[in-house]
Every structure is written in C-alpha cells, then in structure tokens.
Amino acid sequence: MMANEPGLARPDPASTYDVPRLADGEIHVWRLDLGLLSGLEPRLAGVLSAEEERRSGRFVHERDRAFYIAGRSALRHLLSGYVGVPPEEVPLRIGAHGKPFLDGELRLHFNLSHSAGLALLAVTEVSPVGVDVERVGPIPELEAIAARFFTAGEAREIRMARATEQRRLFFNCWTRKEAYLKAVGGGLSIPLSSVELTVSGEPRLLAIAGDRSAAGQWSLRHLRPAPGYVGALAAPATGYRVRRLSWAGPGTGNTAPRAA
Ligand SMILES: CC(C)(COP(=O)(O)OP(=O)(O)OC[C@H]1O[C@@H](n2cnc3c(N)ncnc32)[C@H](O)[C@@H]1OP(=O)(O)O)[C@@H](O)C(=O)NCCC(=O)NCCS
C-alpha cells in the first residue's frame with residue numbers, strides 16, 4: 001500500500017512518531033541498544049500481546065527476559081510509527097517458519113535480529129528483507145563449523161586465510177547467509193550451504209541452490225552497527241539505499257544518522 005493511499009489515514013510519521021518517512025527505494029536500519037532500552041521498561045512496557053507476555057515469562061535468565069521485552073516493545077513502538085496505529089495494536093503475525101510479518105500491511109516489510117544486547121531492525125517497502133547481527137567472538141572449531149555449514153569454496157577461503165582474518169571472514173559469511181535465510185523467511189529450515197556468497201570484499205550472492213542468475217536479483221549489505229559487532233542485510237532487490245538510524249526510547253526522536 002502507498003503511504004498516501006486514501007482511507008489509510010496514516011499520520012505524518014515525522015511529526016507524530018519517532019520515525020522518519022520511508023523514501024522510495026529506501027531501507028531503514030535501526031540500531032537498538034537493548035541494555036539501554038531495558039532500563040526504560042516502565043515507559044516501554046504495556047504494549048506486548050498476551051502471547052509475547054507469555055513468551056517473556058519463559059526466559060530462564062532475567063537479562064534475556066529484559067532484552068526480549070525491550071526488543072519486542074521497541075519493534076512495536078517503531079512499527080507503530082510506520083503504520084500509524086498504537087504500538088499495542090500493531091498487527092504482528094508469525095509465518096510458517098517463525099518470521100514475523102504485518103497482517104494487512106503487505107507493502108511494509110521488516111526484520112529483527114539481536115545479539116548480546118544489540119538489535120537491528122530493518123524496515124522497508126522495497127521488498128522482503130532479512131537482517132542479522134552477531135557479536136564477534138571466539139568460535140571454537142571455526143574451521144570445522146565452516147566446513148560443515150558453508151559451501152566448499154567459502155570454507156576453503158576461510159581455511160586459507162591468515163589466522164587473524166579467519167574470524168572476520170567467518171562472521172561475514174555467517175551473517176550474510178542468515179540475512180538471506182531471514183529475508184526468504186525459511187530460517188534454518190534452509191541449509192546454509194544452499195546459498196553461495198562472497199566472504200570478503202564486496203558482499204554479493206553468487207548462487208542460490210546453484211542458480212547464478214537467481215542470485216543476481218539479490219543484494220547484500222555489510223553492516224558495522226557497533227565495535228565488536230558485524231551485521232548483514234539481504235533483499236531480493238538492487239539499487240536501494242540504506243538509511244541508518246538509532247532509537248533510544250519513545251519521545252526521543254532519535255533519527256540521527258550514525259556510522260555504518
Ligand atoms: C531465524 C533464525 C535463523 C534466527 O537466528 P538467530 O541469529 O539466532 O536470531 P536473530 O536474532 O538474528 O533473529 C531472531 C529474530 O528473527 C525473527 N525471525 C524468527 N524466525 C524467522 C524466520 N524464519 N525468518 C526471518 N526472521 C525470523 C524474529 O523477529 C526473531 O526475534 P524474536 O526471537 O525476538 O521474535 C532462526 O531460525 C534460528 O534458528 N537461528 C539459530 C541460529 C544459530 O544457531 N545461530 C548461531 C550463531 S553463530
């Protein structure tokens with residue numbers, strides 16, 4: 001749906017909510033500091049659905065529960081700005097393999113990823129989108145994991161890299177693949193090795209299930225949301241612009257551009 005379609009009665013997001021307008025061909029990537037947002041819980045809370053509340057009650061560790069509530073509440077607050085309904089009324093639904101989507105809002109796509117207190121939320125009307133973020137840390141058996149889950153070419157490039165480079169390439173490869181799987185919506189029901197991509201240099205899909213022309217319909221972006229973290233964005237589209245934003249809670253209007 002177009003933002004100005006009659007009958008939708010969307011508010012002007014720039015003035016009413018915390019989100020800037022989505023320009024044509026634009027993907028917004030929001031950075032969320034879940035530690036900071038979980039400190040605002042009283043202001044963020046009260047917007048989760050009954051199912052989300054139930055899920056939050058199932059976390060064993062209090063910090064995981066707080067991060068989940070912060071992430072979900074932020075998701076609802078930010079999406080409310082795009083669709084023009086209160087956060088608690090944002091019609092979040094879950095797809096067959098767990099990908100959340102907006103009921104009825106067919107043109108607005110989004111995807112969320114979180115790792116070690118940092119979350120990224122991608123929002124766009126361009127196409128379905130997938131985002132992944134990981135905190136870069138030691139991976140025991142890195143070469144064995146690469147050999148098991150990546151394509152032979154990707155695993156070889158990682159194995160041949162200098163020891164100091166291996167971790168960076170591994171996380172490039174992992175986040176790029178997960179971003180793709182999340183854009184498709186299948187998650188890990190799709191083997192990571194079914195998609196072949198670059199692990200260094202310009203991020204690019206090379207083949208999808210062996211099909212090189214299908215890969216050409218996609219683009220990948222490398223994201224560096226914070227020191228020690230790496231991320232990737234995937235979409236079955238080319239030529240879009242990524243606008244990087246961060247959000248520090250309701251009413252803060254944090255739309256300042258940030259470093260990639
Ligand atoms: C979707 C999937 C690939 C997410 O992987 P992940 O890296 O663990 O988690 P992320 O933080 O990136 O993504 C989780 C979010 O993606 C969204 N999501 C869930 N299923 C999804 C799917 N099938 N497609 C797209 N997005 C999905 C949800 O918003 C979820 O957030 P929530 O848990 O707060 O609801 C999941 O299917 C999975 O099984 N992951 C396990 C991956 C793993 O073992 N990672 C080790 C890293 S080294």
Side-chain angles (χ1 to χ4, degrees), residues 29-34 37-38 44 47-49 51-61 63-79 90-103 108-124 127-150 154 158 166-195 199 223 225-226 228-236:
V29 178
W30 292 89
R31 182 183 60 181
L32 308 168
D33 177 338
L34 297 178
L37 291 172
S38 59
L44 285 178
V47 301
L48 300 190
S49 68
E51 174 50 31
E52 289 165 339
E53 290 284 0
R54 267 195 297 279
R55 191 172 161 198
S56 76
R58 292 201 287 265
F59 285 94
V60 175
H61 300 291
R63 201 184 59 155
D64 294 337
R65 188 191 76 85
F67 283 173
Y68 171 76
I69 292 174
R72 269 298 157 132
S73 305
L75 174 69
R76 286 185 166 277
H77 277 278
L78 286 168
L79 290 179
V90 169
L92 284 175
R93 304 284 179 268
I94 304 290
H97 295 284
K99 184 172 182 173
F101 66 96
L102 283 174
D103 200 18
L108 193 74
H109 303 277
F110 69 94
N111 196 229
L112 179 75
S113 180
H114 35 75
S115 177
L118 184 84
L120 293 179
L121 169 65
V123 185
T124 187
S127 68
V129 66
V131 68
D132 190 53
V133 64
E134 301 288 347
R135 185 162 65 179
V136 177
I139 303 277
E141 312 286 342
L142 180 149
E143 287 188 20
I145 294 172
R148 177 161 174 212
F149 292 106
F150 300 165
E154 293 157 353
I158 292 169
Q166 281 191 326
R167 196 185 293 176
R168 187 177 71 79
L169 300 187
F170 179 92
F171 277 98
N172 281 352
C173 192
W174 188 278
T175 54
R176 290 169 192 186
K177 281 175 185 280
E178 281 224 345
Y180 165 79
L181 300 185
K182 295 182 73 187
V184 171
L188 292 180
S189 68
I190 303 171
L192 287 168
S193 59
S194 67
V195 56
V199 303
L223 303 170
Y229 291 82
V230 64
L233 182 74

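Every value quoted in this text rests on a predicted model; they were computed, and no experiment measured them. Ligands are counted one by one from 1 in listed order, and the atoms in each one are counted from 1 as well. Computed from heavy atoms alone, side chains included, the values below leave out hydrogens, waters and symmetry copies. FYI, the numbering just counts along the sequence from 1.
- Ionic pairing of R58 and E51 is present here: one or more N-O contacts between side-chain nitrogen and carboxylate oxygen are shorter than 4.0 angstrom.
- Here the CG atom belonging to L120 is positioned 10.5 Å from the CD atom belonging to E134, to the nearest 0.5 angstrom.
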At less than 3.5 Å, what protein N or O atoms come close to the N or O atoms of ligand 1? Include the distances to 0.1 Å.
{"from": "ligand 1", "atom 1": "5 (O)", "to": "E178", "atom 2": "OE1", "distance (Å)": "3.4"}
{"from": "ligand 1", "atom 1": "7 (O)", "to": "D132", "atom 2": "OD1", "distance (Å)": "3.4"}
{"from": "ligand 1", "atom 1": "7 (O)", "to": "E178", "atom 2": "OE1", "distance (Å)": "2.6"}
{"from": "ligand 1", "atom 1": "11 (O)", "to": "H114", "atom 2": "N", "distance (Å)": "2.8"}
{"from": "ligand 1", "atom 1": "11 (O)", "to": "H114", "atom 2": "O", "distance (Å)": "3.2"}
{"from": "ligand 1", "atom 1": "12 (O)", "to": "S113", "atom 2": "OG", "distance (Å)": "2.7"}
{"from": "ligand 1", "atom 1": "12 (O)", "to": "D132", "atom 2": "OD1", "distance (Å)": "2.9"}
{"from": "ligand 1", "atom 1": "12 (O)", "to": "K182", "atom 2": "NZ", "distance (Å)": "2.9"}
{"from": "ligand 1", "atom 1": "13 (O)", "to": "K182", "atom 2": "NZ", "distance (Å)": "2.8"}
{"from": "ligand 1", "atom 1": "16 (O)", "to": "L112", "atom 2": "O", "distance (Å)": "3.1"}
{"from": "ligand 1", "atom 1": "16 (O)", "to": "K182", "atom 2": "NZ", "distance (Å)": "3.2"}
{"from": "ligand 1", "atom 1": "20 (N)", "to": "G98", "atom 2": "O", "distance (Å)": "3.1"}
{"from": "ligand 1", "atom 1": "23 (N)", "to": "H97", "atom 2": "O", "distance (Å)": "2.7"}
{"from": "ligand 1", "atom 1": "23 (N)", "to": "G185", "atom 2": "O", "distance (Å)": "2.8"}
{"from": "ligand 1", "atom 1": "26 (N)", "to": "N111", "atom 2": "ND2", "distance (Å)": "3.0"}
{"from": "ligand 1", "atom 1": "31 (O)", "to": "H114", "atom 2": "NE2", "distance (Å)": "3.4"}
{"from": "ligand 1", "atom 1": "33 (O)", "to": "R55", "atom 2": "NH2", "distance (Å)": "2.8"}
{"from": "ligand 1", "atom 1": "34 (O)", "to": "H114", "atom 2": "NE2", "distance (Å)": "3.1"}
{"from": "ligand 1", "atom 1": "35 (O)", "to": "R55", "atom 2": "NH1", "distance (Å)": "3.1"}
{"from": "ligand 1", "atom 1": "35 (O)", "to": "R72", "atom 2": "NH2", "distance (Å)": "2.7"}

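- Ring to ring, F67 and F59 are not that close: their centroids are 6.0 angstrom or more apart.
- H114 places none of its side-chain heavy atoms less than 4.5 Å from the side chain of Y68.
- Residue-environment remark: CD (E141) stays at or below the threshold of 12 foreign heavy atoms within 6.0 Å.
- Proximity of S38 to R63: side-chain heavy atoms (C-beta onward) are nowhere separated by under 4.5 Å.
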